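What you see is a predicted model; the values in this text were computed from it and never measured. First listed ligand is number 1; within each ligand, the first listed atom is number 1.
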Amino acid sequence: MEVVFKGIYKRYGQTTAVHDLNLKIEKGALHFLLGPSGCGKTTTLRMLAGLEAVTEGQLFFDGVDVTRKPAVERGIGMVFQNYALWPHMTVYKNVEYGLKLRKLPAAEVKRRIDEVMDITRLTQYADRLPGQLSGGQQQRVALARALAIRPNVLLLDEPLSNLDAKLRMEMRDNILRIHRQTGITTLYVTHDQREALSMGTQISVMHAGHLIQTDAPRRLYTFPKTAFIAGFIGETNLVSGHVVSWANGEAAIETALGRLRATHFSGPFKVGDHVTLSMRPEAIRIDWTGSGQGENFFKTRIDHLTYLGESEQFQLSQPEGGGLTLKVNFYHAPIHSFREGDAIGCSIAAEDVLVLPVQSEIGPGT
Ligand code: ATP
């Protein structure tokens with residue numbers, strides 16, 4: 001089922017938890033809602049489910065306005081981080097519970113339970129109590145229970161946050177497989193950018209009640225629209241500056257590191273505009289040989305070195321002091337004799353310098 005949020009607001013007294021949300025979730029998609037704590041993800045999910053009233057705007061399921069439709073009539077399956085299983089009921093009974101409320105014929109109930117137990121690979125645990133299962137297995141029961149009602153939309157709210165790292169990886173694969181098998185339109189809420197990047201096809205990033213960008217994982221990482229997203233999706237170096245020239249798709253930006261050329265912009269800028277540059281730690285190159293050459297060459301001083309085997313992290317600052325610090329991650333670093341306090345040159349390709357609006361121009365709270 002296709003879900004459309006149109007101009008949706010949610011206000012709690014003076015607080016606007018969700019601000020003018022416009023979002024389309026395609027039929028059959030596994031769509032991610034990503035953002036830091038308090039950005040309005042859960043509120044959005046609860047409005048979709050009908051558990052929270054919409055203050056303003058409209059919500060559509062397959063083109064039908066469901067804004068005022070009660071939760072029970074929306075056909076939503078939900079899975080939360082705390083599972084919410086009945087501890088005194090077996091796995092089978094827990095899955096059956098949601099179906100009983102729907103007054104289906106007994107044979108149909110059994111057929112559906114068998115089907116979802118098979119999909120979630122729980123058949124062998126049917127007679128166990130939740131307390132006799134691992135965290136990952138309990139999460140699968142919650143998923144089976146949500147799937148058994150054959151929901152129009154499946155909502156997953158931080159479903160993996162109570163699991164340890166290994167189980168989380170396993171459950172990521174399980175959720176992807178189950179989504180492929182069932183094709184149910186799914187909205188997955190998380191604050192974990194790695195989860196969203198590795199699993200999602202479309203990711204919507206929220207910040208302070210605003211939906212800022214919806215994009216595929218690669219585009220989100222490579223072309224974030226704002227400095228907030230650049231810093232939230234992976235690591236980045238933010239450097240302020242102003243535009244001194246802009247012609248033929250290339251800008252020159254005056255910064256504390258000198259004048260840098262850039263070829264990627266998040267919007268239209270003009271000469272004189274103040275901007276924020278985003279430069280990924282892995283995009284900055286180190287001048288190992290002291291050649292003093294390279295695209296967008298600039299001088300720095302080494303504040304700190306962290307050797308990690310497969311990579312080496314450099315924390316750098318401006319040679320003559322100043323507040324700017326830079327992080328550089330170098331993979332497969334050569335053996336070198338640089339030490340903390342040494343001067344070192346860096347360079348970065350113009351295509352790896354992304355020009356973004358300055359933070360204060362991004363929008364409220366961002
Ligand atoms: P988390 O990841 O921590 O769950 P979230 O992104 O899901 O955060 P929400 O729970 O949607 O964020 O909350 C968004 C904002 O709305 C927050 O500022 C929160 O304090 C506020 N809020 C949520 N529920 C209520 C409520 N019932 N009354 C008043 N304010 C609320």
Side-chain angles (χ1 to χ4, degrees), residues 3-25 29-59 66-68 70-71 74 76-84 135 139 142-143 146 153-165 168 171-172 175 185-200 202-215 217 220 224-234 359 362-366:
V3 177
V4 173
F5 292 86
K6 193 170 167 211
I8 294 231
Y9 285 79
K10 178 67 193 181
R11 297 189 191 93
Y12 297 106
Q14 296 297 312
T15 311
T16 302
V18 175
H19 184 102
D20 193 19
L21 175 64
N22 291 288
L23 171 66
K24 185 201 257 190
I25 299 164
L30 174 55
H31 196 111
F32 275 73
L33 203 52
L34 175 69
S37 183
C39 72
K41 307 181 296 289
T42 300
T43 305
T44 301
L45 208 76
R46 290 176 59 82
M47 285 193 288
L48 200 167
L51 301 173
E52 204 70 74
V54 168
T55 310
E56 200 184 317
Q58 288 170 294
L59 181 68
V66 296
T67 320
R68 306 281 161 228
R74 294 193 189 186
I76 304 286
M78 284 190 86
V79 176
F80 308 93
Q81 59 176 286
N82 60 3
Y83 320 138
Q139 190 57 291
L143 205 50
V153 183
L154 180 64
L155 304 180
L156 307 175
D157 193 358
E158 305 272 4
L160 310 184
S161 51
N162 281 350
L163 304 177
D164 64 35
R168 259 206 308 272
M171 275 304 285
R172 280 187 199 177
I175 290 174
T185 308
T186 304
L187 185 60
Y188 188 127
V189 163
T190 182
H191 64 272
D192 183 337
Q193 39 112 356
R194 285 183 171 271
E195 215 163 279
L197 286 179
S198 64
M199 296 174 72
Q202 286 285 292
I203 303 172
S204 293
V205 186
M206 287 185 82
H207 187 211
H210 294 250
L211 173 60
I212 305 181
Q213 185 171 0
T214 296
D215 247 321
L220 211 51
K225 272 193 185 152
T226 67
F228 163 74
I229 297 183
F232 188 67
I233 312 281
Q359 295 261 16
I362 295 162
T366 57

ask   = What is the nearest protein non-hydrogen atom to atom 16 (O) of ligand 1, stated with its residue, atom name and distance?
value = Ala17 CB, 3.2 Å
ask   = Would you say Gly35 contacts ligand 1, with heavy atoms under 4.0 Å as the rule?
value = no
note = the protein heavy atom lying closest to atom 23 (C) of ligand 1 turns out to be Tyr12 CE1, 3.5 Å
query = How about Leu211 and Phe5: do any of their side-chain heavy atoms sit closer than 4.5 Å?
reply = no
task = Show which atoms of ligand 1 fall inside a sub-4.0 Å distance from at least one heavy-atom site of Cys39.
result = 5 (P), 6 (O), 12 (O)
Protein non-hydrogen atom found under 4.0 Å from atom 20 (O) of ligand 1 = no
ask   = Would one find an N or O of Thr15, backbone or side chain, under 3.5 Å from an N or O of ligand 1?
value = no
query = Where is the nearest protein heavy atom to atom 2 (O) of ligand 1: which residue, which atom, and how far?
reply = Lys41 NZ, 3.0 Å
task = Around atom 9 (P) of ligand 1, find the nearest protein heavy atom and jot down its residue, atom name and distance.
result = Thr43 OG1, 3.5 Å
query = For Arg11, does the CZ atom have more than 12 heavy-atom neighbours from other residues, nucleotides or ligands under 6.0 Å away?
reply = yes
remark   = Which of Leu34, Leu33, Leu23 passes side-chain contact (heavy atoms from CB on, under 4.5 Å) with Met206? Answer is Leu33
task = For atom 10 (O) of ligand 1, find the nearest protein heavy atom and state the residue, atom name and distance (0.1 Å precision).
result = Thr42 CB, 3.8 Å
Nearest-option assignment for atom 3 (O) of ligand 1, heavy atoms, candidates Ala208, Ser37, Gly209 = Ser37
message = Could you walk me through whether His19 and Tyr9 satisfy the ring pair (Phe, Tyr, Trp, His ring centres under 6.0 Å) test, starting with their C-alpha distance in whole Å, then the side-chain angles of each, then the deciding distance to 0.1 Å, before giving a yes or no?
response = CA-CA 5 Å; His19 184 102; Tyr9 285 79; 5.1 Å; yes
task = Measure the distance from atom 5 (P) of ligand 1 to every protein heavy atom, then report the residue, atom name and distance (to 0.1 Å) of the closest one.
result = Gly38 N, 3.5 Å
key: Interfacing atoms of ligand 1 (cut-off 4.0 Å, heavy-atom, Pro36)   = 6 (O)
query = Do Thr55 and Val18 touch side chain to side chain, with heavy atoms closer than 4.5 Å?
reply = no
ask   = Is there side-chain contact between Val3 and Leu59, with heavy atoms separated by less than 4.5 Å?
value = yes
task = Give, for atom CG of Leu51 and atom CD1 of Ile76, the distance between the pair rounded to the nearest 0.5 Å.
result = 9.0 Å
request  = Start with the C-alpha gap between His31 and Ser204, add the side-chain angles, then the distance that decides, and say whether side-chain hydrogen bond (donor to acceptor under 3.5 Å, both in side chains) holds.
outcome  = CA-CA 8 Å; His31 196 111; Ser204 293; 2.8 Å; yes
